[in-house]
Amino acid sequence: QEFLNAHCGATRELCDLQSLDVERFIARKSRRSGRGALQTVVGHLRLFFRYCQDRKLLAAALDQIDAPRKYRDERPPRAISWDSAQALLRSINRRSRMGCRDHAMLYLMTHYGLRTGEVCDLKLEDLDLSRQLLRVRQSKTHQVLTLPLTQPACSILKRYLAFGRPRTDLPFVFLSILAPLRPVYRGAVAEMFRRRVKDSGLPLREYSPYCLRHGLAMRLLGLRRGLVCCGMPGGWRGSRVRIERDGRFRRRPHADARGRQREPAAGRRASRARRGVHARRVLLHLVDAGGVEEGNHRPVALRRVPKR
């Protein structure tokens, strides 16, 4: 709509557009937009021009537009500080059903490093509140991890299941509040995070829910937990986590810290069970009797959980 308002009007038809008009529009947008936003603009223009070309509305082929490049891991991931994450949790009003659900989701993402997809995929069978255990199906590493639940985490989940969760036969833990009842999806979690950040008044407008996971890794790094424990919440294994000089962390996808190449695909599949046991043991150190609260850093005793 912005492009058409700028280059089409009462005296100019759609068929009169030229490639120079597209270049000028993109150059003007690039002055106040980043590469990510500019990629979205270019993608929308391509779709619109191809739609017009299929219906013979354009005389020239205008969909050949060069988009800016973005590279994976070109910048270290951003992390929300621990104090800001706790302030965000305290700002949520838990008296409503929606506030109770949002607080429970953000608490698991902050204290356990869960991804948005892992929060959405949690089922009632994954919660063992009597034994204080949480089973997580990691979407990135394809591992099933069993984590110990702290007493505050059990209290939050019990309150949500008793007060915030609608009465339904759906197996998922976190559901929509309004009808029709359905499991929450990743976009809804991101929208909920932005709404809660706006209501809290914290300077976190440029952050995403994934920054809560990165904040947990930075928290563990500050507590000197070691690279293995710091990398596990983000899905990074062992020495593949490289610490930057400014304290941020970046993963090395092709080689470990000693410069050795990654294990071949066949070898990775053969040692999948061994890595799963190692990951389960390491992650049991992430949560202690007080989570990772200040002044209580004694890890819980390791417990081997049999696979079902």
Side-chain angles (χ1 to χ4, degrees), residues 89 92 94 97-177 181-190 192-193 209-210 212-213 216-217 220 229 231-235 237 272-273 275-292 299-308:
L89 291 176
I92 299 177
R94 300 172 58 191
R97 297 173 59 185
M98 184 176 296
C100 188
R101 182 202 62 182
D102 297 348
H103 181 269
M105 288 193 296
L106 293 178
Y107 185 91
L108 293 179
M109 298 176 66
T110 302
H111 288 260
Y112 289 86
L114 299 188
R115 301 174 179 86
T116 55
E118 295 167 356
V119 171
C120 298
D121 294 339
L122 281 179
K123 296 183 179 180
L124 295 177
E125 62 183 14
D126 298 329
L127 299 178
D128 192 350
L129 298 181
S130 60
R131 301 171 58 191
Q132 296 186 354
L133 295 176
L134 172 66
R135 187 171 59 210
V136 180
R137 300 175 181 85
Q138 284 197 314
S139 58
K140 183 176 182 180
T141 59
H142 303 286
Q143 301 286 345
V144 179
L145 302 174
T146 302
L147 305 177
L149 287 172
T150 61
Q151 190 61 37
C154 289
S155 301
I156 291 173
L157 291 175
K158 288 180 180 179
R159 175 181 171 82
Y160 165 70
L161 294 177
F163 172 69
R165 187 177 184 273
R167 298 292 183 267
T168 178
D169 295 333
L170 293 177
F172 294 94
V173 176
F174 297 107
L175 305 172
S176 60
I177 301 299
L181 297 180
R182 59 184 181 274
V184 295
Y185 54 94
R186 300 183 183 184
V189 176
M192 177 270 295
F193 176 80
Y210 285 89
L212 295 173
R213 302 176 54 250
L216 174 62
L220 296 173
C229 289
M232 288 305 298
R237 298 188 181 95
R272 181 175 300 173
R275 291 200 314 269
V277 174
H278 173 71
R280 185 160 57 250
R281 289 182 176 180
V282 169
L283 277 176
L284 285 176
H285 283 91
L286 294 181
V287 184
D288 52 29
V292 285
V300 298
L302 291 179
R303 289 172 289 179
R304 182 181 294 273
V305 180
K307 293 185 178 180
R308 296 182 180 179

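Small disclaimer: the values here were computed from a predicted structure and weren't measured.
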*Asks:* Is there side-chain contact between R135 and K123, with at least one heavy-atom pair below 4.5 Å?
*Replies:*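 They are not in side-chain contact.
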
*Asks:* Considering all heavy atoms of both residues, which atom of G113 and which atom of E118 are nearest to each other, and what is their separation?
*Replies:* O-OE1, 4.5 Å

*Asks:* Measuring from atom CZ of R182 to atom OG1 of T168, what distance do you get when rounded to the nearest 0.5 angstrom?
*Replies:* 12.5 Å

*Asks:* Is Y107 reaching over with its side chain to a backbone N or O of Y112, donor-acceptor style, under 3.5 angstrom?
*Replies:*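 Not at all, since once roles are kept as given, no pair shorter than 3.5 Å links the two residues.
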
*Asks:* Minimum heavy-atom separation for L129 to L149, with atom names?
*Replies:* CD2-CD1, 3.8 Å

*Asks:* Got P166 and R97 here, is their nearest side-chain heavy-atom distance under 4.5 Å?
*Replies:*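 Of all side-chain heavy-atom pairs linking R97 with P166, at least one is under 4.5 Å.
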
*Asks:* Answer yes or no: is there a side-chain heavy-atom contact under 4.5 Å between L124 and R165?
*Replies:*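 Yes, close enough: below the 4.5 Å cut-off.
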
*Asks:* Counting only heavy atoms not in Y185, do more than 12 fall under 6.0 Å of its OH?
*Replies:*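 No, the 6.0 Å shell around OH holds no more than 12 heavy atoms from other groups.
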
*Asks:* Nearest 0.5 Å please: distance from the CG atom of L161 over to the CD1 atom of I156.
*Replies:*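 With rounding to 0.5 Å, CG (L161) is 12.0 Å from CD1 (I156).
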
*Asks:* Grab the two heavy atoms, one from Y160 and one from L175, that are nearest each other, plus how far apart they are.
*Replies:*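 Looking at all heavy atoms of both residues, the closest pair is OH-N, 3.5 Å.
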
*Asks:* Please examine the side chains of R159 and H103, heavy atoms only from C-beta on, and report whether any two atoms are closer than 4.5 Å.
*Replies:* no

*Asks:* Less than 4.5 Å apart, side chain to side chain, heavy atoms only: is that true for F193 and L212?
*Replies:*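 Yes. Closest side-chain heavy atoms under 4.5 Å.
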
*Asks:* State, with a plain yes or no, whether a side-chain heavy atom of L108 is found less than 4.5 Å away from one of F174.
*Replies:*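 With C-beta onward as the side chain, the pair touches.
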
*Asks:* Would you say T150 and H111 make side-chain contact, with heavy atoms under 4.5 Å?
*Replies:*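 Side chain of T150 against side chain of H111, heavy atoms only: no contact under 4.5 Å found.
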
*Asks:* For the atom pair CE (M98) and CD1 (I92), what is the distance rounded to the nearest 0.5 Å?
*Replies:* 12.0 Å

*Asks:* Counting C-beta onward and ignoring hydrogens, is there a side-chain heavy-atom pair between Q138 and R115 closer than 4.5 Å?
*Replies:*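 Contact flag for Q138/R115 side chains = yes.
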
*Asks:* What distance separates L181 CG from L170 CG, expressed to the nearest 0.5 Å?
*Replies:*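 Rounded to the nearest 0.5 Å, the CG-CG separation comes to 6.5 Å.
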
*Asks:* Going from CG on D121 to CG on L114, what distance comes out if it is rounded to the nearest 0.5 angstrom?
*Replies:*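 Output value for this atom pair is 11.0 Å.
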
*Asks:* Can you give me the closest heavy-atom contact between L134 and L127, atom names plus distance?
*Replies:*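 Closest approach of L134 to L127, heavy atoms only: CD1-CD2, 3.3 Å.
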
*Asks:* Between M192 and M105, what is the shortest heavy-atom contact and its length?
*Replies:* CE-CE, 3.5 Å

*Asks:* Which pair of non-hydrogen atoms, one from R167 and one from A162, has the smallest distance, and what is that distance?
*Replies:*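 Reported closest heavy-atom pair: NH2-O, 3.2 Å.
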
